[in-house]
Amino acid sequence: MAPQTRRRAFPNVIIERDTDSEQSSSEEDEEEEEEEDPQTVEEDERLVSDNAEKDEVGSEAKRKGKAPITISLKKVCKVCKKPGHEAGFKGATYIDCPMKPCFLCKMPGHTTMTCPHRVATEYGVIPAPHRNASNPLEYVFERQLRPSIRPIKPAYVIPDEVNCAVIRYHSRRVTCLEFHPTKNNILLSGDKKGQIGVWDFRKVCEKMVYENIHSCITNNMRFNPTNDEMIYAASSDGTVSCTDLETGLSLSLMNLNPDGWQGPNSWKMLYGMDINLDKGLVLVADNFGFLHLVDARSNNKTGEAILIHKKGSKVVGLHCNPVQPDLLLSCGNDHFARIWDMRRIEAGSSLYDLAHKRVVNSAYFSPLSGRKILTTAQDNRLRIWDSIFGNMDSPSREIVHSHDFNRHLTPFKAEWDPKVIVLWKVIHPESLAVIGRYISENYNGAALHPIDFIDVSTGQLVAELMDPNITTISPVNKLHPHEDVLASGSSRSLFIWRPKENSEPMEEKDKIKIVVCKTSEKKRGRKSGDDSDDSDNEAFNSKVKKFTSKKPDWKLSRCPQ
DNA sequence: AGTCGATGGCTCC
DNA sequence: TGGAGCCCCTCGAC
């Protein structure tokens, strides 16, 4: 076959401009009128190529000559690539592309700015028919059975002020948090690198991170209920670890990848984890849909893996019922949360399958009665089932909330407040949940991502927490089991929130409450003798200044060496 | 200041 | 059922 010349000369270049921007020549205007749908440069090159091929055979094309390349300088929407509108940040407010469904509620016809769910979180939420069913008698009864329940306290004490923090505590983003069950000021944090931090937030500057427990993401941590100095952790490296918090010595209970890396199709990762105290079992679930059981006494794997979700799908959450531990709740990427009876669990034997429209990030029984279920799904909805003894065909309520996340973030999980709420002498146990928000809010000119407290019995937003210093998203949040304290993990940093109303005047020695950890991993090519912490502070402060003119309430300090 | 990379889930074929 | 391509209000390193 004779070789064909595709292009003999580079075609003309025509530049399109916005009519309201710079001047256009009359020739260009004509071209613009002919061009109904402006193309990007790449698309035009493709068209040119097509046209050039036609040149070889088409007489009309020959008469017209080379098709010109059109470089469009018209402003187009970065989301839908169409002209006439733009998506993106205007100052601290994000403008959605109107051609797309609402980013918040996923319905077409409006954008996030005008979404009724943004105006009122409880919009469209049907109040539960028996939401005040828990009566004082029941509470007294419950206290009799469970004397560990704290005394009655005022309603909704929200920890709403950053009390202390460590900026860049971890070297990668925080993935999970856990409060020590008996030492009230100890917070454990896992990160994407597989490390586990043990932080005493009364002694802010004392940083301790165990580095050699896992080789990648720490997905879940649980304290050993019989020995609260031991912590179990499940990781994407396919192992379950048991670590002594005093010594940092770690034991691997199970390794699902004994032959090492054989490619992504066979590498097993562990996500969901919980402990069944009655049976002395550590339960973990993998990314292929299987549940694995480890005997907590012998630290050995027991029995065969059980398929509890769609084969090949990730099981991200496990939770044993706090009152009846034989009831297991699981959730995963097959869009289901499932309830199981541990006494006779096998593939397909679930008691209930709770359907969701998208991946379920988390599913938790309510912490006191274990009767309610709260799930977080990637369709931007929290779902509440008011009673596991009632109708489980559909949730009692769906609350639209922004947590559909970017893949580079830790998945958002709504978590119950483990404490009891009393309002007007009526007990509202298990009604408060906390979850970070993905979409930002314009807060005095700053784009901040609040942490939301939601009354799940009504869908009402009770409080939204933000601080001008925290410009990153806070997907990981944990409420303290006894105190009015919230811990949040945002990017690599840890924050402790306490109620503003309870805050006492700080002593001078406590004023260094926000510390910046040294970034030691990489040198940035600076002169020796420079103080990296100072530059870190400057960088952080300049970032804050960029977002807000409001003076930060707290001051960045360097951790004493 | 701009670019790049890590990398999950969904849709389509 | 599996792979390609697309979606991208991130974050931090370079």
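None of these values were measured; they are calculated from a predicted model. All chains are named by letter (A, B, ...) in the order of the sequence lines, taking the proteins before the strands, and each is independently numbered beginning at 1.
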(request) Measure the distance from NZ on A/Lys106 to P on B/dG9 and round it to the nearest whole Å. (result) 15 Å
(request) Mind telling me whether A/Phe201 and A/Phe179 have parallel, tilted or perpendicular rings, with 30° and 60° as the class edges? (result) perpendicular
(message) Using a distance-only criterion (donor-acceptor N/O pair, under 3.5 Å, no hydrogens), is the base of C/dC9 paired with the side chain of A/Ser440?
(response) yes
(request) Between B/dG8, C/dC9, C/dT10, spot the one nearest the side chain of A/Thr112, thanks. (result) C/dC9
(request) Taking only Lys NZ, Arg NE, NH1 and NH2, and the carboxylate oxygens of Asp or Glu, determine whether A/Lys106 and A/Asp404 approach each other closer than 4.0 Å. (result) yes
(request) Determine the minimum heavy-atom distance between A/Gly436 and A/His403, stating which atoms define it. (result) O-CB, 4.4 Å
(message) Measuring to OP1 and OP2 of C/dC8, would you say a side-chain N or O of A/Lys100 lies under 4.0 angstrom away?
(response) yes
(request) For residues A/Cys320 and A/Leu283, report the shortest heavy-atom separation together with the two atoms involved. (result) SG-CD1, 4.3 Å
(request) List the atom of A/Ile158, the atom of A/Leu432, and the distance in Å for their closest heavy-atom pair. (result) CD1-CD2, 4.2 Å
(request) Ignoring the backbone of A/Arg492, work out which of C/dC8, C/dT10, C/dG12 is nearest its side chain. (result) C/dG12
(request) May I ask you to check whether over 12 heavy atoms, not counting those of A/Phe89, lie within 6.0 Å of atom CZ? (result) yes
(request) Would you kindly give the CG-to-P distance between A/Leu409 and B/dG9, to the nearest whole Å? (result) 13 Å
(message) Taking the minimum atom-to-atom distance to the side chain of A/Lys314, which one of C/dC9, B/dC10, B/dG8 wins?
(response) B/dG8
(message) If we count only N and O atoms by modelled type, under 3.5 Å, do the side chains of A/His214 and A/Thr239 hold a donor and an acceptor together?
(response) yes
(message) Distance check needed: B/dG8 P versus A/Asn361 CG, whole Å only.
(response) 14 Å
(message) Which nucleotide wins on minimum distance to the side chain of A/Ile439, given the candidates B/dG9, C/dG12, C/dC9?
(response) C/dC9
(request) Measure from CG on A/Asp379 to P on B/dG8 and round the result to the nearest Å. (result) 20 Å
(message) Is it true that A/His292 and A/Asp286 share a donor-acceptor pair across their side chains at a distance under 3.5 Å?
(response) yes
(request) Please report, rounded to the nearest Å, how far the P atom of B/dC10 is from the CG atom of A/Asn380. (result) 13 Å
(message) Heavy atoms from C-beta onward define the side chain here; which of B/dG9, C/dC11, C/dT10 lies closest to that of A/His408?
(response) C/dT10
(message) Using heavy-atom distances to pick each residue's nearest nucleotide on DNA chain C, tell me which of A/Val79 and A/Asn265 is more 5'.
(response) A/Asn265
(message) Can you identify which nucleotide, out of C/dG12, B/dA6, B/dG9, has its nearest atom closest to the A/Asn333 side chain?
(response) B/dG9
(request) Would you mind classifying the nucleic acid contact of A/Ser402 as base, sugar-phosphate or nothing, using non-hydrogen atoms under 4.0 angstrom? (result) nothing
(message) Short of 4.0 Å, heavy atom to strand atom, which residues of residues 113-121 of chain A count as contacting DNA chain C?
(response) none
(message) Using whole Å, what does the distance between atom C1' of nucleotide B/dA6 and atom CZ of A/Arg172 come to?
(response) 10 Å
(message) In whole Å, I'd like the distance from the OH atom of A/Tyr271 to the C1' atom of B/dG9.
(response) 12 Å
(request) Go through C/dT10, C/dC11, B/dG9 for me and flag the one nearest to the A/Gln378 side chain. (result) B/dG9
(request) To the nearest Å, give me how far apart CZ (A/Arg358) and P (B/dG8) are. (result) 17 Å
(message) Check this for me, if you would: do A/Arg492 and A/Asp191 make a salt bridge, where the nitrogen-to-carboxylate-oxygen distance has to be below 4.0 angstrom?
(response) no
(message) With a 4.0 Å limit, can you tell me whether A/His335 has a side-chain N or O closer than that to the phosphate oxygens OP1/OP2 of B/dC10?
(response) yes
(request) Compare side-chain N and O positions of A/Asn406 against OP1 and OP2 of C/dC9 and report whether any pair is under 4.0 Å apart. (result) no
(message) What's the gap between B/dT11 and C/dC9 when it is taken at their C1' atoms, as a whole Å value?
(response) 22 Å
(request) Between A/Val359 and A/Lys192, just flag the one whose closest nucleotide in DNA chain B comes earlier from the 5' side. (result) A/Lys192
(message) Under 4.0 Å, counting only non-hydrogen atoms across every strand here, what does A/Phe405 touch: a base, just sugar-phosphate, or nothing?
(response) nothing
